[in-house]
Each structure stands twice: as C-alpha cells, then as structure tokens.
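Structure first, commentary second.
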Amino acid sequence: MNYQGKRWRTIWRNLDDAAGSIGVIDQRLLPHEFKTLTLRTMGDCAEAIRNMTVRGAPLIGATAAYGICFALRDDPGDAGFAAAYRVLHKTRPTAINLKWALDQMQAAVGQLPPAKRLEAAYARAAELCDEDVAVCEAIGRNGLALFREIVAKKPAGSRLNILTHCNAGWLACVDWGTALAPIFMAHDTGLPIHVWVDETRPRNQGASLTAWELNRHGIPHTVVVDNAGGHLMQHGLVDLCIVGTDRTTAQGDVCNKIGTYLKALAAKDNQVPFYVALPSSTIDWTIRDGLKEIPIEERSPTEVTHLRGKTADGSLVEIQVTPDGSPAGNYGFDVTPARLVTALITEKGCCAASAEGLARLFHREV
Ligand code: MRU
C-alpha cells in the first residue's frame, strides 16, 4: 500500500545488508507514529511476534519464515532448525498460519544438505511473502464481486455500509489484507462505501490500525465501540459484515479476534450477511470443531486494565482504567460457528462455510 508517496509492504528484506536482516513496521506505535524496525535474529522475530510489533495471521507466518532463515544462518543443521521451529511456533498459539509457514520452510529446506539451506530458506521466505500478496489480491477481487451483488440490490446511488472487526488489512498481511482487500478495491473502483470500524478492545486494532489504513486511503469510515454493532444492524445501518480469521476449521468454523462471535450473532438476528475472508493458509484441515479444538490465546491482563494513547501535547502515555486490584481476563480470540457465517471468501473463490463447501472449493475429500 502507499504511504507518504512510497509503496510499502509490511515486511521486507534489507538487500543492502550482507547479514540478511529484514525490516518491519512497528505496529505498536500506530496510528500515532510510523516507525520501522530491523530484525536480525531468530530471537528478534520471535519477540516481534510475541509483543505484537507484527501481528495478523499472515504477517506472523511471514515473520516466522524469516526467523527460520536467521536460525539457519547461525546453525544450518537439523537441530538448529528444530529448535527455531519450536521457539517460533510457541510465540502465538491461535493463528494457524504460523505453523503453516514453518511447515512450508521445513518442506523447502528439510531435504537439502545444510550448506544449501540458507539460500533456499531466504528464497522460500520471499516467495511466501509474494504469494501472500497475490492471494490477498485474489481475495479482494472475489470479495468485490460479492459487494457488487449487494450494491445491485440497493437503491441506485446509495452507499454500501460495511462493518469490520479488528484489523484484517494490509498491516495484518504482507499487502492488501483479507477483509479489507475488497474494501480497498471497492473504493478504488468508485463504489460508494462506508466502513463501521469496531474499536476492538483490548488492543484496539480497529481504532488504531484499521482506522489508520482507511484514513490513509481516503475511505469513509466511522470508529464505533465494540458493542455498537448490534444497534447499527437493528437500525438497518449495516449491509454486510466482513472479518478475517486466524484459523478456519475443515467444517468452516472461524476463530477470529475476540468479539467476532457477538457480531455474527447480531448479524444473524438482523439478516445481515456475515462474510469471512481468508487465505487458504488459514485453514486447519486437521480439525473440525473450532470450539473444542482451537487453542485460544490469553494475553496479559494489563492489556485490559490499561490503555495507550496520545495526549493533547502529543506524547504517548499509558493509563489505568480499572480499580487498583481488580483482576482482568484477556481472551484474544473467539470461535464463530460455521452456521453463523454466510460465506467464506478465499483466493480460490467463495464457498459455504461447511465441510462440503470447503472440500468442493479446494478439491478435497469431506
Ligand atoms: O491479535 P491480532 O492483532 O494478531 O489479531 C488479528 C486478527 O484477529 C485478524 O482478524 C486475523 O489475523 C485475520 S488478518 C488477515
């Protein structure tokens, strides 16, 4: 995406650095500061994923892929690879893209002699990034076709009101995003759209990152508190919901940022279509029941008890919003059962959120 006249991806190799470092955008500072960081070691990558310098399922996977490159630079043997795999895999438990990307790296270098692994690893990591961009672009095109169908049923000239949760934009991927890709394309092709942006407590990925992306792109949007969605839908102010997912099961259950399920419930009650946009790397074909089988990340309670923001004089501060001593729980994700999902939008096309729908689209046995 463009930012300040330059085309950006969220992750890149520093080609002028013989040691092979990578650059990322420090997403903890947005929307108030745009800063890049250099990651030089496997430990740097693991920490950047853990502390959410980088976040979003596809970007976590891409960062982990480069983490493997750094590990192989230090120890190209099987033990080095296995140790790095373990460390990186543990950084965040819910998004399956992380494991998917590590497995892709394993497949690319596992059979090679150690001396050949590093070059192959860098090549595969770069390829994974390029593939993610192409996949997200295809998701955008497929989502845009759905948007057009809904627009065609509305009175001529009226705008399409879209609600989204968390950040499934280009910051969450290498470029484009998943749920936001069709939104960017709709706007670019002149479709009149407006986006309701859930703030997405506790880390406010909607209020800080999605709003920032839409703002930079000139897309009309309004940030709302997480609990506003039901009200908006009851009053006919939402034409469709679209979100991303960190893990999709073989029967079409989707696990996404905490609060997604409540939006899907409200959408069902108000006959608002609820779409989930995903790259196929987000599908965990090994599991069916999302509620029982997906590990839900629990993060630090301080993300709930404290808020970060900018004061009038421009300084960034953290404040406490809860009483001293009140404990807080911080569940990062929830599972939306397939029955609440109108359709899945993938790079291969759209399908029903069901075992049959996914199997047909991806040519697999049910
Ligand atoms: O905790 P985060 O910010 O990594 O969570 C991100 C999300 O929940 C996104 O919706 C999901 O990764 C899909 S992004 C393409």
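Counting starts at 1 for both ligands and their atoms, in listed order.
In terms of N/O distances under 3.5 Å, ligand 1 is approached by A57. Residue T178 has no nitrogen or oxygen atom sitting less than 3.5 Å from a nitrogen or oxygen atom of ligand 1, judged on distance alone. Residue T245 has no N or O atom closer than 3.5 Å to an N or O atom of ligand 1. The N/O atoms of A172, backbone and side chain alike, include none that comes under 3.5 Å of an N/O atom in ligand 1.
Applying the side chain to side chain contact (heavy atoms under 4.5 Å, CB included) test between N97 and each of T282, I283, D284 identifies T282 as the sole match. Residue H165 forms a side chain to side chain contact (heavy atoms under 4.5 Å, CB included) with just one option from V197, T200, I242, and that option is T200.
The part of Q205 lying near ligand 1 is the side chain, judged by heavy-atom distances below 4.0 Å. Contacts between N167 and ligand 1, counted as non-hydrogen atom pairs separated by less than 4.0 Å, involve the backbone only.
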With side-chain contact (heavy atoms from CB on, under 4.5 Å) as the criterion, how do L88 and L102 come out once you've worked through the C-alpha distance, each side chain's angles and the decisive distance to 0.1 Å? CA-CA 8 Å; L88 290 160; L102 291 170; 4.0 Å; yes
CA sep, side-chain torsions, deciding dist, call: R124, E131, salt bridge (Lys or Arg N to Asp or Glu O under 4.0 Å): CA-CA 10 Å; R124 185 64 186 128; E131 284 168 15; 3.0 Å; yes
Show your reasoning for whether salt bridge (Lys or Arg N to Asp or Glu O under 4.0 Å) applies to R50 and E47. CA-CA 5 Å; R50 215 178 282 121; E47 187 51 23; 2.7 Å; yes
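Ligand 1 has no atom lying under 4.0 Å from any heavy atom of R203. Note on ligand 1: C173 sits in its first shell, one or more heavy atoms being nearer than 4.0 Å. For T260, the heavy-atom gap to ligand 1 stays at 4.0 angstrom or more. Contact analysis leaves A95 out of contact with ligand 1, as no non-hydrogen atom separation drops below 4.0 angstrom.
Annotation for ligand 1: atoms under 4.0 Å from non-hydrogen atoms of M52 are 1 (O), 2 (P), 3 (O). Contact atoms of ligand 1 toward P58: 15 (C) (distance under 4.0 Å to a heavy atom of the residue). Near C166, meaning under 4.0 Å from any of its heavy atoms, are these atoms of ligand 1: 5 (O), 6 (C), 7 (C), 8 (O). Short contacts between ligand 1 and K257, defined as distances under 4.0 Å to a heavy atom of the residue, involve ligand atoms 1 (O), 2 (P), 5 (O), 8 (O). Proximity to F333 (heavy-atom distance under 4.0 Å) selects the following atoms of ligand 1: 1 (O), 5 (O), 8 (O). Atom numbering of ligand 1 starts at 1 in the shown order; those under 4.0 Å from a heavy atom of R92 are 1 (O), 2 (P), 4 (O).
For K268 and F274, the positive end is not near the middle of the six-membered ring at less than 6.0 Å and at most 45° from its axis.
You'll find the ring centres of F362 and W285 inside the 6.0 Å limit. Taking the six-membered ring for Trp, F34 and W8 have ring centres closer than 6.0 Å. Two rings, from W12 and Y66, have their centers 6.0 Å or more apart.
Scanning the protein for heavy atoms near atom 7 (C) of ligand 1, the closest one is D246 OD1, 3.3 Å. Annotation: atom 9 (C) of ligand 1 to nearest protein heavy atom, N256 OD1, 3.5 Å.
Interatomic distance, CG of N256 versus OH of Y261, reported as 15.0 Å (0.5 Å rounding).
We find that D239 and R159 are not joined by a salt bridge, their nearest charged nitrogen and carboxylate oxygen being 4.0 Å or further apart.
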